[in-house]
K.L.:
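Before I ask anything, here is the structure I am working with.
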Amino acid sequence: MTGTVGADEAVRRRYDVVIVGGGWAGSLLAKDLGERGWQVLVLEAGNGGAETWPGYLDSLSTFYSAVAKVPNSGYRRSVAAPFPDVLDLAPVRDPEPGEREYTANGYFVQNGRLPYGTDYLRELGGAAMHWLGAVPRMHPEDFATNERFGYGRDWPITAADLQPWYARAEFEIGVAGNAQGQRELGVVTDPDYVFPMHQIPASWIDRYCTRLDGTPIRDEVADEQYQLKVHSLPQARNSTPNPDYRPGPYRPSSAVGLPNYGERCVGNASCVPICPVQAKSHPLRQQARFPRTVTTATRCVVTRVRLAGPTMGGRVSGVEFRTYTDPASPVGRSHVVEAGVVVLAAHAIENARLLLFSGLANGSDQVGRNLMDHPTVLNWALADERRGPVGPFRGPGHTSGWEVFRFGEGRRRRAPFRIEIGNWGWGWATGAPMSNVATALGVGGDQQGEIRPDGVFGPELRRLLGSTIGRQLQLQIAVEQSANPGNRVTLDRRHRDATGNLRPVLTYDLDPHTRSGVYAARLVAARIFQQLDATDWTNHAPRDGVPPLGHFTHTVDGTTLDLAYSGAGHGAGTHVMGSSPRDSVVDAFQRTWEHPNLYAVGCGSMPSIGTSNPTLTMLALALRSAEQIHQDLVLDRRPADVRPADEAEAPA
Ligand SMILES: Cc1cc2nc3c(=O)[nH]c(=O)nc-3n(C[C@H](O)[C@H](O)[C@H](O)COP(=O)(O)OP(=O)(O)OC[C@H]3O[C@@H](n4cnc5c(N)ncnc54)[C@H](O)[C@@H]3O)c2cc1C
Ligand code: SF4
């Protein structure tokens with residue numbers, strides 16, 4: 001990286017491209033366009049620092065010392081560039097019938113029936129500084145669910161259009177995987193393709209679960225029978241380079257700030273939020289390879305996109321932004337920077353917020369609408385004691401899963417789902433193993449599993465924990481949520497952050513098709529536990545009057561179940577792409593229909609998210625957009641226009 005600069009230095013130039021946000025999308029775009037010779041400015045709201053080795057170590061120790069180990073706990077809260085946190089949500093005890101069962105006290109204002117339980121991070125590197133790194137491609141079916149199954153929105157492009165861009169994204173971020181397994185699923189179509197690196201080895205739990213390969217499982221909601229087979233999942237983390245990779249050979253990335261470091265995944269199991277050996281891929285690695293044509297300015301919160309004059313055919317001229325020196329203070333200064341092309345890459349919710357506040361690109365009334373996530377159903381069980389421990393708390397969050405429930409005619413009757421075989425015991429569902437230790441000591445915790453609050457110590461404590469924690473199985477099931485215009489981001493002048501910026505107001509719910517997917521996922525998980533002779537401890541009903549977050553009931557064929565979901569962090573769909581400006585915000589290249597030099601990139605452009613973690617698809621789209629932006633700039637014949645410092649726009 002050429003290093004980050006302050007705003008005063010950054011605004012001395014006019015740029016070919018200004019990119020708002022230095023997360024995955026912004027970083028890949030900046031690197032691509034910079035390598036083509038265009039002058040690029042990345043404006044990043046976050047504080048920065050983790051791009052140096054001491055800064056990375058600081059994030060690690062912040063995480064180690066955090067009491068609650070949640071995705072954002074490696075990063076300090078910021079007043080100047082606030083962001084949401086999963087700890088902002090709390091359940092309501094004994095809610096009245098029809099009353100909302102949660103409160104939201106954080107950056108998001110939430111007024112929906114159900115909570116949007118997903119966070120992100122406004123730091124250099126974005127949400128990927130705490131992502132897991134699971135990177136499956138989407139299936140061809142996922143791009144046309146309306147045409148094929150009668151629900152959701154269809155894409156203006158197909159999976160075939162994206163195949164070469166998927167392959168490039170897999171090279172850029174460094175993907176380890178088994179291409180043959182993905183071909184069996186119909187997800188990878190090139191018969192000769194291999195991933196840059198061999199798959200991350202299967203975990204103990206994956207191997208334990210392969211005993212069910214070939215077992216039929218009935219899903220009565222879908223009215224289908226499926227046959228189980230464990231498939232490994234592509235991962236953005238260092239493993240052994242595959243010598244067959246073309247154009248190869250592939251060289252795994254090193255750590256930022258310490259190029260001789262950066263190891264292969266050794267199974268430390270703290271990928272969310274942070275990998276101690278930097279085996280997990282993140283955008284700061286891309287930024288370390290930025291050419292000199294790319295300038296990155298941190299602590300720059302973009303507040304508005306500026307429209308060029310009324311005779312400019314809807315073109316935008318640049319952006320306004322505020323800088324700060326102390327993340328704990330709202331005090332800042334305002335600036336303006338101009339560019340030939342403006343790219344919003346600030347996250348689905350922040351992109352929508354900026355478009356709404358700027359009053360741009362919303363002729364279709366779709367900006368902010370169709371907010372999506374993968375509602376995730378957690379299921380937990382204790383494996384059969386006679387078969388011994390299954391080896392949890394080792395390896396990335398999940399390395400394999402059961403994929404068959406993602407595809408086929410069952411999608412007509414319920415949303416499809418992907419079953420992740422969890423490697424981290426009951427950590428996500430119940431806070432294990434810390435909660436188990438507290439229970440055994442008799443000082444709190446969550447009394448689930450076979451651990452009772454007996455106040456045991458010493459060898460007896462070790463025996464008790466070893467015999468139960470070692471048998472914890474968790475299936476986390478990501479359910480597809482389709483685009484629904486009622487799920488949306490809006491702005492309300494009554495709700496501002498400390499700097500005066502309007503906070504996102506979210507309205508969120510799950511429609512009946514998605515709820516049926518959650519219902520089916522829960523039943524299928526129970527059947528799988530039965531087949532494994534495991535004791536199912538899953539409980540989504542209110543306990544002592546307190547409902548779990550994301551609780552709802554749903555009835556299928558006269559049987560009602562208590563269900564609950566967690567957010568997956570997969571915010572998407574707030575500036576959807578389409579074939580017509582009448583009902584979409586951006587075209588197939590993520591260019592806003594109304595402003596020829598304004599792009600909105602990221603998961604917000606996706607009309608559907610299938611059952612795949614969305615980032616790889618989003619990056620394939622970003623690389624495709626970079627090619628289009630390059631073409632736009634060539635057509636405009638806009639070589640870099642570097643002005644002397646004394647002609648630069650003075651800070652306001
Ligand atoms: C806990 C968790 C786990 C996840 N795991 C996975 C996974 O395994 N696989 C997967 O595919 N996806 C995963 N995701 C989702 C993934 O992290 C996101 O899809 C991806 O990081 C989005 O990248 P982005 O660049 O579009 O946005 P972001 O990463 O959100 O980056 C946006 C950037 O813009 C900056 N910004 C925001 N507002 C402004 C502003 N006004 N001015 C200037 N800058 C601004 C932010 O600071 C940030 O750096 C996970 C998410 C979470 C929360
Ligand atoms: S399992 Fe461990 S080594 Fe592997 S990516 Fe996750 S934290 Fe890093």
Side-chain angles (χ1 to χ4, degrees), residues 18-29 42-48 70-72 78 81-86 118-136 173 176 200 203 233-239 263-283 297-304 319 321-322 344-351 353-354 357 373-374 394-399 420 423-424 428 478 501 566-572 601-606 609 612-619 621-622:
V18 163
I19 298 177
V20 181
W24 262 137
S27 301
L28 253 69
L29 268 156
V42 178
L43 289 174
E44 166 54 47
N47 189 39
V70 294
N72 278 338
S78 168
F83 46 82
D85 193 288
V86 291
T118 243
D119 66 5
Y120 49 88
L121 185 61
R122 291 217 276 180
E123 256 306 335
L124 187 63
M129 297 313 292
H130 67 202
W131 77 326
L132 177 60
V135 284
I173 67 174
I200 301 289
S203 67
L233 190 83
Q235 310 265 332
R237 62 192 84 245
N238 288 350
S239 112
E263 300 191 359
R264 294 182 188 163
C265 174
V266 288
N268 287 304
S270 70
C271 330
V272 177
I274 189 163
C275 171
V277 298
Q278 288 206 33
K280 183 183 71 171
S281 186
H282 57 70
T298 52
R299 301 186 180 186
C300 296
V301 183
V302 173
T303 48
R304 188 196 296 268
V319 298
F321 62 102
R322 277 174 66 84
L344 302 183
H347 185 276
I349 290 177
E350 294 298 323
N351 277 359
R353 205 179 62 76
L354 279 168
F357 187 71
D373 190 12
H374 283 123
R394 200 87 186 104
H398 57 276
T399 28
E420 300 169 355
N423 285 330
W424 295 347
W428 193 356
N501 279 329
S566 299
H570 299 169
V601 305
C603 299
S605 298
M606 294 168 66
I609 48 176
S612 304
N613 315 52
T615 305
L616 187 78
T617 302
M618 178 276 278
L619 291 177
L621 292 172

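Remember, predicted model here, so these are calculated numbers, not experimental data. One-based numbering, in listed order, for ligands and for the atoms of each.
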K.L.:
Tell me, do Pro614 and Met606 make a side-chain contact under 4.5 Å, heavy atoms counted?
P.N.:
yes
K.L.:
Answer whether the closest heavy-atom distance between the side chains of Ile173 and Leu616 falls below 4.5 Å.
P.N.:
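They are in side-chain contact.
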K.L.:
Please list, chain by chain and in numerical order, all residues satisfying side chain to side chain contact (heavy atoms under 4.5 Å, CB included) with Glu123, sequence neighbours excluded.
P.N.:
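Asn47, Tyr75, Leu121.
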K.L.:
Counting only N and O atoms by type, is there a donor-acceptor contact under 3.5 Å from the side chain of Lys280 to the main-chain atoms of Pro273?
P.N.:
yes
K.L.:
Determine whether Asn613 and Glu420 make a side-chain contact, defined as any pair of heavy atoms from C-beta on separated by less than 4.5 Å.
P.N.:
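Sidechains of Glu420 and Asn613: in contact.
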K.L.:
Just to be sure I understand the cut-off, which residues have at least one non-hydrogen atom under 4.0 angstrom from an atom of ligand 1?
P.N.:
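Residues within 4.0 Å of ligand 1: Val20, Gly21, Gly22, Gly23, Trp24, Ala25, Leu43, Glu44, Ala45, Pro71, Asp119, Leu121, Arg122, Glu123, Gly126, Ala127, Ala128, His130, Trp131, Leu132, Gly133, Ala134, Cys300, Val301, Val302, Ala345, Ala346, His347, Glu350, Gly569, His570, Cys603, Asn613, Pro614, Thr615, Met618.
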K.L.:
Partners of Ser78 by side chain to side chain contact (heavy atoms under 4.5 Å, CB included), sequence neighbours excluded?
P.N.:
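With neighbours one apart ignored, the set is Ala80, Ala81, Phe83, Pro327.
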K.L.:
Pro71 and side-chain contact (heavy atoms from CB on, under 4.5 Å): which partner among Val272, Leu132, Thr118?
P.N.:
Val272
K.L.:
Around atom 4 (Fe) of ligand 2, what protein N, O or S atoms are found below 2.8 Å?
P.N.:
Cys265 SG
K.L.:
Are Leu621 and Val601 side-chain neighbours, meaning at least one heavy-atom pair lies under 4.5 Å?
P.N.:
no
K.L.:
Do Ser281 and Trp24 make a side-chain contact, defined as non-hydrogen atoms from C-beta onward lying under 4.5 Å apart?
P.N.:
yes
